[in-house]
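So the structure is just underneath, and the comments pick up after that.
Each chain gets a letter, A, B and so on, in the order the sequences are listed, and its residues count up from 1.
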Protein chains: 2
Amino acid sequence: MKNLVEIVSQLSDLMGQTEEVAKEQFHLLNLTHTQMHYLEAIHLLDNPNITELASKLKLTKPTVKVAVDKLIESDYLYKIKSDEDRRSAHLHLTEKGKLINQMHDYTHKLISEAISRKLNNEEMGTLVRLLNKVLSEN
Amino acid sequence: MKNLVEIVSQLSDLMGQTEEVAKEQFHLLNLTHTQMHYLEAIHLLDNPNITELASKLKLTKPTVKVAVDKLIESDYLYKIKSDEDRRSAHLHLTEKGKLINQMHDYTHKLISEAISRKLNNEEMGTLVRLLNKVLSEN
DNA sequence: TTTTATTGTTAGCAAATACTAACTATATTT
DNA sequence: AAATATAGTTAGTATTTGCTAACAATAAAA
């Protein structure tokens with residue numbers, strides 16, 4: 001019987017490997033590792049401007065600008081000018097860009113299936129209840 | 001009450017963000033994202049040779065050779081010639097290279113602590129038992 | 001209203017990351 | 001023993017990813 005830290009370590013490995021498999025599936029999109037990182041960050045930050053994105057990625061603005069331009073050119077992103085600040089523009093994922101999120105969803109489905117294959121209904125209920133508690137706010 | 005897929009998604013985010021924090025620490029010690037990926041793969045493959053590593057990373061051997069040379073130059077890796085096949089050599093992490101694993105261990109400890117903060121002893125026991133079953137071989 | 005700060009941009013450059021082609025040395029197959 | 005395959009390497013090249021410096025347009029502060 002393994003202890004909690006060992007279990008977390010194995011779960012982490014499992015998720016990482018599943019994530020890798022999912023990325024291979026979506027590799028048809030011709031996206032580099034770095035570009036996927038950009039799309040993920042833009043999704044996470046909920047339509048940031050260049051400055052916010054650069055700050056999150058710990059890169060300079062010119063670096064991010066160039067990368068974003070390429071992603072726009074390849075139809076993964078588009079810009080919308082800000083009403084509040086006329087200097088600024090917000091980045092949005094196109095439908096094509098949103099495929100990256102579908103990839104994550106797919107990974108989570110795969111892991112969920114792996115879990116439900118190992119447990120019976122009662123055990124599943126208990127696990128779900130406990131993990132809900134773990135992830136609760138306070 | 002959230003369902004399993006939603007929970008897995010949140011857990012995945014939690015782990016991902018904790019990993020990110022760890023990687024930021026390493027970024028300060030001038031390792032690129034790609035280089036970290038190499039060290040992780042070498043750890044995972046348990047001292048592979050160049051060919052095995054290239055296969056895992058889905059890159060060509062010359063590409064991997066150049067990257068590995070730099071990691072050796074920066075004292076993250078060293079080579080040991082194979083006794084069985086005199087053409088070949090196995091890659092090992094130096095103490096400095098092993099820091100990447102220590103960082104993973106640390107994030108797993110952090111997540112474990114976050115979990116044990118939310119559950120009582122009995123619940124912890126149940127969770128550990130269920131997750132052991134999830135991660136069991138057959 | 002003038003000064004200062006911020007957002008985004010352009011240009012020029014350097015390093016990292018990746019490839020193919022061609023080679024040596026050793027192993028394996030025929 | 002000769003032919004073929006494999007591990008690692010070298011050289012040359014293209015692309016991606018990153019930087020700094022300098023600039024215009026707009027916003028915020030003095």
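- Among the protein residues, A:Thr34 comes within range of the sugar-phosphate backbone only, with heavy atoms under 4.0 Å from sugar or phosphate atoms but none that close to a base.
- Formation of a donor-acceptor pair under 3.5 Å by the B:Glu40 side chain with backbone atoms of B:His37 is not found in this model.
- B:Val5 and B:Leu11 fall into different hydrophobic clusters, where Ile, Leu, Val, Met, Phe, Trp and Tyr residues are linked whenever their side-chain heavy atoms come under 4.5 Å apart, directly or through other members.
- Listed nucleotides D:dG18, C:dT9, C:dC19 differ in distance to B:Thr60; the shortest reach to its side chain belongs to C:dC19.
- Among the nucleotides D:dG8, D:dA5, D:dT26, the one closest to the side chain of B:Arg87 is D:dA5.
- Of the candidate nucleotides D:dG8, D:dT17, C:dT7, D:dG8 has the atom lying nearest to any side-chain atom of B:Ile50.
- Rounded to an integer number of Å, the gap from CG of B:Leu59 to C1' of D:dA7 is 17 Å.
- OP1 or OP2 of D:dG8 sits under 4.0 Å from a side-chain N or O of B:Ser88.
- What separates CG of A:Asp83 from C1' of D:dA27 is a distance of 15 Å, to the nearest Å.
- Residues A:Pro62 and B:Lys79 both approach DNA chain D. Their nearest nucleotides, taken by heavy-atom distance, put B:Lys79 toward the 5′ side.
- To the nearest angstrom, C1' of C:dA21 lies 13 Å from NZ of B:Lys61.
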Can you check side-chain contact (heavy atoms from CB on, under 4.5 Å) on A:His104 and A:His108, steps first, answer last? CA-CA 6 Å; A:His104 283 127; A:His108 301 149; 4.1 Å; yes
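- For the pair B:Arg86 and D:dA7, the criterion of a side-chain N or O lying under 4.0 Å from OP1 or OP2 is not met.
- The distance between atom CG of A:Leu53 and atom P of D:dG18, rounded to the nearest whole Å, is 11 Å.
- The backbone N or O of B:Ala89 lies less than 3.5 Å from no partner atom in the side chain of B:Ser82, so there is not a single donor-acceptor pair.
- Each of A:Asp85 and A:Asp69 lies near DNA chain C, and the nucleotide nearest A:Asp85 is the one positioned closer to the 5' end.
- Nucleic acid contact class of B:Ala89 (heavy atoms, under 4.0 Å, all strands): sugar-phosphate only.
- Listed pair B:Thr63 / C:dT17 fails the phosphate criterion, with no side-chain N or O lying under 4.0 Å from OP1 or OP2.
- Not a single donor-acceptor pair, N or O on each side, falls under 3.5 Å between the base of C:dG8 and the side chain of A:Lys65.
- To the nearest angstrom, P of D:dG18 lies 10 Å from CD of A:Gln35.
- The phosphate of D:dG18 has OP1 or OP2 within less than 4.0 Å of a side-chain N or O from A:Tyr38.
- For the pair B:Leu131 and A:Leu127, the tightest heavy-atom approach, listed with the atom from each and the gap, is CD2-CD1, 3.9 Å.
- Considering only side-chain atoms of B:Thr32, the nucleotide from C:dA16, D:dA27, D:dG8 that sits closest is C:dA16.
- Protein atom CG of B:Leu57 is 15 Å distant from nucleotide atom C1' of C:dC19, rounded to whole Å.
- As a whole-Å value, the separation of B:Lys81 NZ from C:dA25 P is 12 Å.
- Checked by atom type and distance alone, the side chain of B:Thr107 never pairs as donor or acceptor with a backbone atom of B:Thr18 at under 3.5 Å.
- Atom NE2 in B:His90 sits about 11 Å away from atom C1' in D:dA7, given to the nearest Å.
- Among the atoms of the strands shown, only primed sugar atoms or phosphate atoms (P, OP1, OP2) are found under 4.0 Å from some heavy atom of A:Thr51.
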